[in-house]
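Below is one structure, written out as structure tokens; comments come after it.
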Amino acid sequence: MELTSATSFTLTLSATDKAAINQIVNKNGTSSTSGTTYNLAAADDWDAQVTAGDTSDTTGNGITASNVAAPTITSATYNASTGSLVVTGTGFLQKSGATNDIVANKLTFT
């Protein structure tokens, strides 16, 4: 983390951290596909240069996401004997919760 001014900082994420955040920040705007509002929360002593008192800031730090890549289908194969449809592509992200599968009636076959 690098402090860039008295009111801002820059944080460079590793590829692993970026992949984890992309699972959460999965839609442009201020909330995820599951409706969770994006917020940046900082635990006490997050800034090692400030040691006096409680430095936590856990609410009211809304984030607006932009340039979130939409999923793209690159190929699909169907096996009629097994009824298996295999779709490949990029940008497929998991949605949290038990009902996070593909919604079949949102697909159109032509």
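Side-chain atoms are counted along with the backbone in the values below, which use heavy atoms only and exclude waters and symmetry mates. Sequential numbering from 1 along the given sequence is applied to the chain's residues. Note that the coordinates shown come from a computational prediction; the quantities given were computed from them, not determined experimentally.
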Taking every heavy atom of Ala65 against every heavy atom of Lys27, the minimum-distance pair comes out as CB-O, 3.6 Å

Counting only N and O atoms by type, is there a donor-acceptor contact under 3.5 Å from the side chain of Thr74 to the main-chain atoms of Thr88?
yes

Inter-residue atom distance Ile63.CD1 - Asn39.CG, 0.5 Å rounding
6.5 Å

Judged by atom type as modelled, is there a donor-acceptor pair below 3.5 Å linking the side chain of Tyr38 to the main-chain atoms of Gly62?
no

Of all the heavy-atom pairs spanning Asp44 and Ser56, show the shortest one and how long it is.
N-CB, 3.5 Å

Using the test side-chain hydrogen bond (donor to acceptor under 3.5 Å, both in side chains), find all partners of Thr4 that sit at least two apart in sequence or belong to another chain.
Ser8

Taking Asp45's backbone N and O only, do any of them form a donor-acceptor pair with Thr55's side chain (distance below 3.5 Å, no angle check)?
yes

Shared hydrophobic cluster for Ile73 and Val86 (ILVMFWY, side-chain gaps under 4.5 Å):
no

Ring pair (Phe, Tyr, Trp, His ring centres under 6.0 Å) against Phe9, all qualifying residues, sequence neighbours excluded:
Trp46

Looking at Asn67, I'd like to know if its CG atom is crowded, meaning that more than 12 non-hydrogen atoms belonging to other residues, nucleotides or ligands lie closer than 6.0 Å.
no

Side chains of Leu13 and Ile21 in contact at under 4.5 Å (non-hydrogen atoms):
yes

Is there a donor-acceptor contact under 3.5 Å from the side chain of Asp57 to the main chain of Ala42?
no

Spell out, as yes or no, whether a donor-acceptor pair under 3.5 Å connects the side chain of Asn61 to the backbone of Thr59.
yes

Is there a donor-acceptor contact under 3.5 Å linking the side chains of Thr33 and Asn26?
yes

